[in-house]
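Step one of this worksheet: look at the structure below.
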Amino acid sequence: MVVPFAAGGPGDTIARIVGAAMSPHLGQQIIVENTLGAGGTIGTHRVAKAPADGYTILLMHVGQATSVSLYKKLPYDPVNDFEKIGLVTDVP
């Protein structure tokens with residue numbers, strides 16, 4: 001699971017909690033990889049260009065929605081380069 005922000009921050013914490021909850025259902029361990037830089041675009045680009053084999057996933061927040069308005073040219077399409085698989089909420 002790629003988190004496009006620094007380790008120890010809120011995104012990293014959520015990714016580790018979500019990864020731990022996903023692992024038993026998938027039958028394998030989820031490894032969190034922090035790939036930070038450029039407001040989240042470096043890690044997001046890495047996931048966008050990864051093989052679509054289900055082994056690389058992205059935990060992103062509102063930054064993915066706002067990146068289009070912040071950067072003139074993104075190296076990925078925030079709508080079409082990703083397959084949405086879930087939503088993380090605070091509702092138990």
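For reference, positions follow the sequence shown, starting with 1.
In plain terms, the two heavy atoms of Asp81 and Ala48 that are nearest each other are CB-CB, 4.0 Å. Closest approach of Ala15 to Val3, counting heavy atoms only: CB-CG2, 3.2 Å. Shortest non-hydrogen contact noted between Pro24 and Ala20 is CD-O, 3.2 Å. Nearest heavy atom pair, residue Phe5 against residue Met60, reads CE1-SD, 3.9 Å.
One hydrophobic cluster, built from ILVMFWY side chains closer than 4.5 Å, holds both Val2 and Tyr76. Residues Tyr55 and Leu26 are members of separate hydrophobic clusters, defined by side-chain heavy-atom contacts under 4.5 angstrom among Ile, Leu, Val, Met, Phe, Trp and Tyr. Cluster annotation: Leu74 is not connected to Ile42 through the hydrophobic network of ILVMFWY side chains, with a link wherever side-chain heavy atoms come within less than 4.5 Å. Tracing side-chain contacts under 4.5 Å through hydrophobic residues (I, L, V, M, F, W, Y), one reaches Ile30 starting from Ile14; they form part of the same cluster. Hydrophobic clustering (side-chain heavy atoms under 4.5 Å, transitive across Ile, Leu, Val, Met, Phe, Trp, Tyr) groups Met22 together with Val88.
A donor-acceptor distance shorter than 3.5 angstrom exists from the side chain of Ser23 to the backbone of Gln28, with no hydrogens or angles considered.
Remark: Lys72 NZ is loosely packed, at most 12 non-hydrogen atoms of other residues, nucleotides or ligands lying under 6.0 Å away.
Interatomic distance, Leu58 CG to His45 NE2, rounded to the nearest 0.5 Å: 12.5 Å. Distance check, rounded to the nearest 0.5 Å: CZ of Phe82 to OG1 of Thr44 gives 5.5 Å.
Contact of the Val47 side chain with the Ile57 side chain is not registered, since no non-hydrogen atoms from C-beta on lie closer than 4.5 Å. Taking 4.5 Å as the limit, every side-chain heavy atom of Met1 sits out of range of all side-chain heavy atoms of Arg16. Between Thr35 and Pro4 the shortest side-chain heavy-atom distance does not fall below 4.5 Å.
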